[in-house]
Structure formats: structure tokens, C-alpha cells
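Everything below concerns the one structure shown next.
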Amino acid sequence: MKIRILWMYHDLMDLYGDKGNIQVLKTRCEKRGIECEIKTVSLGERADCQEYDLFFLGGGADLEQTIIYEDLLKRKDSILEAKASGTAFLLICGGYQLFGQYYLDQDGKKIDGLGIYDYFTESTDRDHRCIGNIAVEAELDGRRFKAVGFENHGGQTKNVGSPFAKVLKGHGNTYKGMYEGYADAQVIGTYMHGPLLPKNPMIADIVITRALKRHYGEVTLEALDDTLENRAREVMLKRLGVQ
Ligand code: GLN
């Protein structure tokens, strides 16, 4: 088996080690004998998104978002084609924001998002930056689990139709909010850096399973030894007082 990952704006959208997510996906595939091809694409470079099983976009500060958004918007048709073809999506923070209607920064500058989802993000409340460790509880693809990460965003995302998770500790989509991220059967959008996947291998496996689905249908992944990963997550859950 093989998955092909499209890693968008790897050189610009990579906050708090988001690239670690790619390393985790690659390692977990390789341990199971699943070939994992990774293609990086940045500004002006051609990509037919629908040729890939997973579309990955990391986080970026307002500056990087402003640099990439026009290039990203030009790819909207290709992204929609990918969605229609069953490609899975993993979007972190600034990347997640850009799939919504718009992003309004602290200086009142508004940049358009892809408008694929109804949510929108406004960063106008300077006194309430969402920053720190975060713990959430999610239910995804029939699995219920707790996950941990780190968030740092001025943007508050509203009008999220189906959130990724319930916040146990931290902020999530809005300052001291109840919900975190966006998720549906194909897309996971989240504010969780850390990076997300090393301490939350169950999310990595959900993403791999979703990516395999396009060509291989419902695949049951071989279990891996996640003792260390789980211990790392449990330490953080305990520190945050939610375990
Ligand atoms: N620039 C966005 C914000 O502050 C995204 C930041 C991020 O990707 N961590 O809301």
C-alpha cells in the first residue's frame, strides 16, 4: 500500500514544529510497510491536489498567511476537486483558518479564506490571545479520545458547524471557548500545534486511515507500540489536571 502526501507551503507555514506531523505520518506508515511519498509545494509551484491522498497545511503567523493566501486561493478548484475525490485534509492553525470565509487581523486587515467552510476568524481582541497548553476530548471516526497540544493564536474562529473536539483545558476556537477546531469525515482543522501528532498517535492513525481510504477502502491498521507517546500525553493531561 502507498499514500501520497501533499505538504503545502512547507517553507512558510511551519509554526511550533508542525513539520513533525509529517515525520510522524511517514514513520508510522513505514513501520507498517506502507509506502509514504511526500511532495512539498510552495508559492507558484504546480500541484494537482486531487492526485494526493492527504493534503497537509501547517500554521503560520499573520505575516505568512498574508504571503500565501492569494496563491492558496488560486488553488481553490484543485482543492475542491481533491475533496470530491476523497483526499483527506489535515490543517493546523493558520492553515485551518484559511479554509474558512476570512481572516481579520489585529490591524483590521482582512484577507479572504478559501470559503470552503462557513466559519470565519477575527483577531481584533488584543487582550485575549489564546495561548498555552491545551487538552481536548474528541470523537472521530467512531473513536473517542483525549488529545493534547499547544495553541498560540490571536484569531478567534466563530460559526464552526462541526468542531473537532470539546475543550477540557485551554481555549480552542475562541478565548476560553468550549470547542476546538473543525472536523468532518475528510477534514481535520485544529489550533493544536505541539506538533499535534507525536503525542496523539491515535489522530495520526485516523489521518493515515483516511488517506488510505481513497484507494484501498476501509483499512484496519496494524497496532504499533505507542507506550512512550501515550505516556507523554498522559504526563501533559495530568499536568493540566484533566486526568
Ligand atoms: N496568525 C494566526 C493567529 O494568530 C494563526 C497563528 C498560528 O498559526 N499559530 O490567529
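Whatever order the structure lists them in is the order used to number ligands and atoms, beginning at 1. Here the structure is a predicted model, which means the values were calculated and not measured.
Taking a cutoff of 4.0 Å between a charged side-chain nitrogen and a carboxylate oxygen, K166 and E137 do not qualify as a salt bridge. The residues D77 and R75 are annotated as not salt-bridged, no charged nitrogen and carboxylate oxygen being separated by less than 4.0 angstrom. Checked for salt-bridge contact, R4 and E37 meet the test: a charged N lies under 4.0 Å from a carboxylate O. Comment: K213 engages E218 in a salt bridge, judged by a side-chain N to carboxylate O separation of less than 4.0 angstrom.
Rounded to the nearest 0.5 angstrom, F145 CZ and I206 CD1 are separated by 4.0 Å.
Closer than 4.0 angstrom to ligand 1 lie heavy atoms from L15, G59, G60, A61, D62, Q65, C93, G94, Q97, Y103, R129, N152, H153, G154, G155, H193.
Each of K110, E122, Q97 was evaluated against Y102; a single residue qualifies, E122, per the side-chain hydrogen bond (donor to acceptor under 3.5 Å, both in side chains) test.
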